[in-house]
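Each ligand, and each atom within it, is numbered from 1 in the order the structure gives. Because only heavy atoms are used, hydrogens play no part in the values below, and waters and symmetry mates are left out as well, while side chains stay in.
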Amino acid sequence: MALIPATILTGFLGSGKTTLLKRVLTEAHGQKIAVIENEFGEENIDNDILVSDTHEQVIQMSNGCVCCTIREDLRATLADLAARKRRGELDFERVVIETTGLADPGPVAQTFFMDDEVAEAYLLDSILTLVDAKHAQEQLDNRVEAQRQVGFADQIFISKSDLVEAPALAALQHRLKHMNPRAPQRTVHFGEVAIAEVFDLKGFNLNAKLDIDPDFLTEDGHAHHGHDHDHDCGHDHAPGEACHHGHAHHHHHDDDVKSFVFRADKPLSPAKLEDFLGAIVQVYGPKMLRYKGVLHLKGTERKVIFQGVHQLMGSDLGPKWAPGEPRVSKMVFIGIDLPRDILIKGLEGCLA
Ligand SMILES: Nc1nc2c(ncn2[C@@H]2O[C@H](COP(=O)(O)OP(=O)(O)OP(=O)(O)O)[C@@H](O)[C@H]2O)c(=O)[nH]1
């Protein structure tokens with residue numbers, strides 16, 4: 001049986017998850033979608049909103065948060081849905097999990113890898129994160145959950161851009177890009193987004209490529225993040241405008257979630273790499289939110305697609321390197337206070 005694609009919809013409280021989901025379900029004529037709703041309270045308001053307008057299967061998981069207390073419920077719900085589909089009792093083509101605004105997407109994503117029954121039935125398509133343009137700066141300053149939701153995203157949707165001025169939006173986009181350079185960003189007005197931009201993104205499975213703006217990489221390659229001039233630098237200038245005072249800038253936000261990229265022109269040794277990454281995830285796994293890469297490994301003519309969440313990692317053989325295509329390994333790491341230099345040095349030590 002074909003794997004059932006699953007989408008995790010996350011975003012801080014009030015960021016517009018339900019609004020977006022409702023739009024998508026309304027638009028998704030002909031597609032049968034099972035929705036797993038997770039809310040804290042007993043009253044599931046979102047559920048009513050969704051059910052009144054659509055004919056989807058909505059499974060409600062209340063009284064806890066899907067990422068912690070009721071994670072076993074999530075596993076059981078997913079397994080049960082798949083079993084009922086197999087038996088012909090339920091008919092659906094994909095699953096959407098809407099998490100609570102305070103959920104950490106990590107454990108939710110891990111459910112798709114850790115449990116055999118779930119892993120055999122589902123394919124995690126992508127993690128979509130809603131970011132509230134009006135409130136995100138403050139949420140990101142104060143709430144680690146909000147940061148992690150951005151760090152995990154395969155696609156970022158920015159809601160409520162109608163409520164902010166263009167420079168504030170640009171500053172937010174800049175900040176998000178530095179936290180997660182891998183996730184494309186797109187503004188959405190009251191959830192208005194084409195279904196093709198929501199489903200089958202294959203973001204998590206990374207079948208295709210790492211979409212990282214090359215200029216961004218050069219900028220980010222420096223140890224000093226001299227680019228966040230637009231916040232808290234103590235000088236009066238418009239957001240987005242560079243600060244012209246001559247002192248050295250630090251990363252003023254001190255966002256816990258940061259990212260960096262490793263690149264190598266020479267092939268990597270599979271054995272060395274496995275040893276090194278295996279050791280690294282033992283130590284830093286809890287801080288490693290997402291890491292992904294396209295690798296050139298010695299001994300294979302095919303690209304190796306590598307990805308992980310916390311301690312769990314996996315790799316797949318991708319397509320062959322095209323004739324004349326530069327065989328460059330690229331890996332992006334997104335995490336909390338990751339020791340960039342240790343990781344980069346270690347990876348350089350893995351060259352064949
Ligand atoms: N101005 C504006 N408001 C929006 C936009 N998108 C959503 N909203 C409003 O924001 C509020 C919260 O939206 P929801 O979709 O309920 O947010 P949520 O993320 O599901 O909220 P929780 O489930 O409580 O975490 C609602 O009043 C929406 O109408 C937008 O693009 N612009």
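Between the side chain of D125 and the main chain of A6, no donor-acceptor pair closer than 3.5 Å is present.
When non-hydrogen atoms are compared, ligand 1 lies under 4.0 Å from the backbone of T19 as well as from its side chain. The proximity of L163 to ligand 1, defined as any non-hydrogen pair under 4.0 Å, is limited to the side chain.
Between R327 and D265 there is no salt bridge, since no side-chain N of the basic residue sits under 4.0 Å from a carboxylate O of the acidic one. A salt bridge links R84 with D80: at least one charged nitrogen is closer than 4.0 Å to a carboxylate oxygen.
Residue D162 holds the heavy atom nearest to atom 32 (N) of ligand 1 of all those in L9, T18, D162. Scanning K22, K160, R23 for the heavy atom closest to atom 9 (C) of ligand 1 points to K160.
In this structure, G191 falls outside the shell of residues with a heavy atom less than 4.0 angstrom from ligand 1. S15 counts as a contact of ligand 1, since one of its heavy atoms falls under 4.0 Å from the ligand. E98 counts as a contact of ligand 1, since one of its heavy atoms falls under 4.0 Å from the ligand.
Applying the 4.0 Å criterion to heavy atoms of H189 picks out, from ligand 1, the atoms 31 (O). Atoms of ligand 1 found under 4.0 Å from any heavy atom of L13, numbered from 1 in the order shown, are 25 (O). Ligand-side atoms of ligand 1 in range of V188: 31 (O), range being under 4.0 angstrom from any heavy atom.
Side-chain contact of S126 with Q155: a donor-acceptor pair under 3.5 Å is absent, judged by distance alone.
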What pairs of donor and acceptor atoms, side-chain ones from residues 269-282 against any protein atom, are under 3.5 angstrom apart with sequence neighbours left out?
{"unit_1": "S269", "atom_1": "OG", "unit_2": "K272", "atom_2": "N", "d": "3.1"}
{"unit_1": "K272", "atom_1": "NZ", "unit_2": "L351", "atom_2": "O", "d": "3.3"}

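Any N or O atom pair closer than 3.5 Å counts here, and G14 shares at least one such pair with ligand 1. Considering backbone and side-chain atoms together, K17 places an N or O closer than 3.5 Å to an N or O of ligand 1.
Among all heavy-atom pairs drawn from A133 and K160, the shortest one is CB-O, 3.6 Å. Considering all non-hydrogen atoms of both residues, A79 and V118 come closest at N-CG2, 4.4 Å.
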Please evaluate residues D104 and T10 with respect to the criterion side-chain contact (heavy atoms from CB on, under 4.5 Å), reporting the C-alpha separation (whole Å), side-chain torsions for both, the decisive distance (0.1 Å), and the verdict. CA-CA 9 Å; D104 175 354; T10 182; over 6 Å; no

